[in-house]
Participant: 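Structure incoming, see below.
Values below: all heavy atoms of this structure, side chains included; hydrogens, waters and symmetry mates excluded. Because the structure is predicted, anything quoted here is derived from the model rather than measured.
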Amino acid sequence: MSGLPPIAAGARRRWLLKLAANGLLQGLAAAAASLSLGRLAGTMATAPLVVVATAAALLALLKQRELIDAERLGQDYAIEVRDRLFAAALATQEGRRPAAPGALLLRFVSDLNGLRQWASRGLAVLIGDGLFLASLLLVIAVATPWLAAVAAGGVLLLAGLMVLIQRPLRAADSELRRLRARLSGGIARRLSDAGPGFDLPRERRRLRRRGEALAAAAVERARWQGVTRGAAVAIGLLTIAAMVQVAAPASAATGPGAVISVIAIASLIAPPLRRLARVFELRQTWLVARARIESLLQGPPLPGPPALDFPYFSHGSL
């Protein structure tokens with residue numbers, strides 16, 4: 001059985017190109033609006049106002065198109081992966097024992113959702129927002145290189161921090177998924193084994209211990225997720241402060257237009273920074289989910305807790 005299909009294949013390649021073009025157009029429109037806002041300060045000029053209004057309408061339409069194309073990308077990828085998973089679940093290969101129903105359900109639901117989210121909310125956002133920031137900063141650099149340099153420094157600082165955090169966040173996500181699978185498998189086995197002589201108090205204590213371990217793992221993952229999102233907010237605010245500080249001399253000489261442009265640019269840069277922090281979290285989840293699904297597609301099924309006993313599946317270990 002073949003492994004996971006590439007995301008950039010077939011119709012998905014066209015949607016990725018659309019997302020890239022969309023990000024570039026959004027960056028150019030945002031740059032035009034930011035520079036025009038600075039020229040509006042203290043004047044009644046019509047041309048800058050028209051540019052801002054046009055850019056606002058264009059950004060609204062492009063953002064809607066971005067979300068539609070990103071969702072199509074993720075759903076199309078999920079359909080193809082689901083089809084391969086289904087074929088792998090039904091395949092009977094010599095020397096390979098069938099995968100347990102519980103393991104299959106976890107792959108079909110939790111792990112497949114991780115792959116879909118990476119395609120639609122991770123990779124799509126990375127391409128769109130990455131090119132948005134690049135085109136925005138490129139245009140700003142032509143007009144005010146110092147301003148673009150400060151903003152780019154904030155983006156690079158966030159990227160460097162994400163690299164440092166990736167290992168503990170991935171480990172926390174993997175542990176959470178492992179404990180969740182063990183808990184659900186244990187519940188299924190004990191429900192199927194319930195009968196005369198079943199020690200209910202002991203099983204309730206075991207269930208509580210496993211539930212507490214799962215809760216602790218979820219809190220640990222949330223702790224590292226909080227680090228990434230908090231860092232994005234803090235770096236965004238520090239970048240704004242640095243940009244305003246650098247723009248102050250120009251504002252004293254030419255009026256408030258420079259500071260207004262800085263505020264406009266900063267307001268456009270901050271949301272992508274926060275979204276890129278979320279992209280980083282989705283990538284760690286995707287790496288764990290991809291490894292689990294590929295192990296099912298390419299090799300023996302993963303060991304785990306006892307299986308759920310469904311009437312249309314065989315009973316085995318998870």
Participant: Quick one: does Arg229's side chain get under 4.5 Å of Arg278's, heavy atoms only?
Facilitator: yes
Participant: Under 4.5 Å between any side-chain heavy atoms of Lys18 and Arg65, yes or no?
Facilitator: no
Participant: In Å and rounded to the nearest 0.5 Å, what is the NZ to CD1 distance from Lys63 to Ile68?
Facilitator: 12.5 Å
Participant: So, taking the atom named CZ in Arg283 and the one named CG in Leu169, what distance separates them when rounded to the nearest 0.5 Å?
Facilitator: 11.0 Å
Participant: Show the nearest heavy-atom pair for residues Ile235 and Gly154, with the distance to one decimal.
Facilitator: CG2-O, 3.4 Å
Participant: Test side chain to side chain contact (heavy atoms under 4.5 Å, CB included) on Ile140 and Leu35; report intermediate values, then the result.
Facilitator: CA-CA 8 Å; Ile140 298 301; Leu35 296 175; 4.0 Å; yes
Participant: Can you give me the closest heavy-atom contact between Ala151 and Met243, atom names plus distance?
Facilitator: CB-SD, 4.1 Å
Participant: Tell me, please, which residues at least two apart from Gln225 pass side chain to side chain donor-acceptor pair (under 3.5 Å).
Facilitator: none
Participant: When you measure from the side chain of Ser174 to the backbone of Arg170, do you find a donor-acceptor pair of N or O atoms at a distance under 3.5 Å?
Facilitator: no
Participant: Show the nearest heavy-atom pair for residues Leu282 and Trp118, with the distance to one decimal.
Facilitator: C-CE3, 4.0 Å
Participant: Examine Leu268 and Val51 and state if one hydrophobic cluster contains both, with Ile, Leu, Val, Met, Phe, Trp and Tyr joined whenever side-chain heavy atoms are less than 4.5 Å apart.
Facilitator: no
Participant: Treat each ILVMFWY residue as a node, draw an edge where side-chain heavy atoms are under 4.5 Å apart, and state whether Leu19 and Leu58 are in one component.
Facilitator: no
Participant: Out of curiosity, Asp69 CG to Ile127 CD1, how far, rounded to the nearest 0.5 Å?
Facilitator: 11.5 Å
Participant: Would you indicate whether the side-chain heavy atoms of Ile165 and Phe280 approach each other to under 4.5 Å?
Facilitator: yes
Participant: Nearest 0.5 Å, what's the CD-CD distance between Glu66 and Glu71?
Facilitator: 12.0 Å
Participant: Donor-acceptor pair, distance only, cut-off 3.5 Å: does the side chain of Asp111 make one with the backbone of Ile293?
Facilitator: no
Participant: Check the pair Leu16 / Leu123 against side chain to side chain contact (heavy atoms under 4.5 Å, CB included), numbers first and verdict last.
Facilitator: CA-CA 9 Å; Leu16 286 170; Leu123 183 61; 4.2 Å; yes
Participant: Do the numbers put Arg290 on top of the ring of Trp286, so that NZ or CZ is under 6.0 Å from the six-membered ring centre and no more than 45° off the axis?
Facilitator: yes
Participant: Any heavy-atom pair between the side chains of Arg12 and Pro5 that's under 4.5 Å?
Facilitator: yes
Participant: Honestly curious: do Leu136 and Leu59 fall in one hydrophobic cluster under the side-chain, below-4.5 Å linking rule?
Facilitator: no
Participant: Report yes if some heavy atom in the side chain of Val219 is under 4.5 Å from a heavy atom in the side chain of Arg223; otherwise report no.
Facilitator: yes
Participant: Report whether Leu273 and Ile240 are members of the same hydrophobic cluster (ILVMFWY, side-chain heavy atoms less than 4.5 Å apart, transitive linking).
Facilitator: yes
Participant: Hey, quick one: are Leu133 and Leu161 part of the same hydrophobic cluster, counting side-chain heavy atoms closer than 4.5 Å, chains of contacts allowed?
Facilitator: yes
Participant: Is the shortest heavy-atom distance from the side chain of Leu137 to the side chain of Ile269 under 4.5 Å?
Facilitator: yes
Participant: Please give me the minimum heavy-atom distance between Gly74 and Ser120, naming the atom from each residue.
Facilitator: CA-CB, 3.8 Å
Participant: Is there a side-chain contact between Arg82 and Leu112, using heavy atoms and a 4.5 Å cut-off?
Facilitator: yes
Participant: What's the separation between atom CG in Leu28 and atom CG in Leu138, rounded to the nearest 0.5 Å?
Facilitator: 8.5 Å
Participant: Closest approach of Val52 and Ala33, non-hydrogen atoms and distance?
Facilitator: CG2-O, 3.9 Å
Participant: So which atom in Pro272 and which in Asp129 form the shortest heavy-atom distance, rounded to 0.1 Å?
Facilitator: CA-OD2, 3.8 Å
Participant: Less than 3.5 Å apart, any donor N or O on the side chain of Gln117 or Thr285 sitting next to an acceptor on the other?
Facilitator: no
Participant: Evaluate the side-chain proximity of Phe132 to Asn22: yes if any heavy-atom separation is below 4.5 Å, no if none is.
Facilitator: no
Participant: Report the C-alpha separation of Arg121 and Glu281 in whole Å, then their side-chain angles, then the decisive distance to 0.1 Å, and conclude whether the salt bridge (charged side-chain N to carboxylate O under 4.0 Å, His left out) test is met.
Facilitator: CA-CA 11 Å; Arg121 301 179 186 179; Glu281 298 171 16; over 6 Å; no
Participant: Show your working on side chain to side chain contact (heavy atoms under 4.5 Å, CB included) between Met162 and Leu158 and close with a plain yes or no.
Facilitator: CA-CA 6 Å; Met162 297 300 102; Leu158 179 62; 3.6 Å; yes
Participant: Measuring from atom CG of Leu4 to atom CD of Glu80, what distance do you get when rounded to the nearest 0.5 angstrom?
Facilitator: 9.5 Å
Participant: Just by distance, do the side chain of Tyr77 and the backbone of Arg72 share a donor-acceptor pair under 3.5 Å?
Facilitator: no
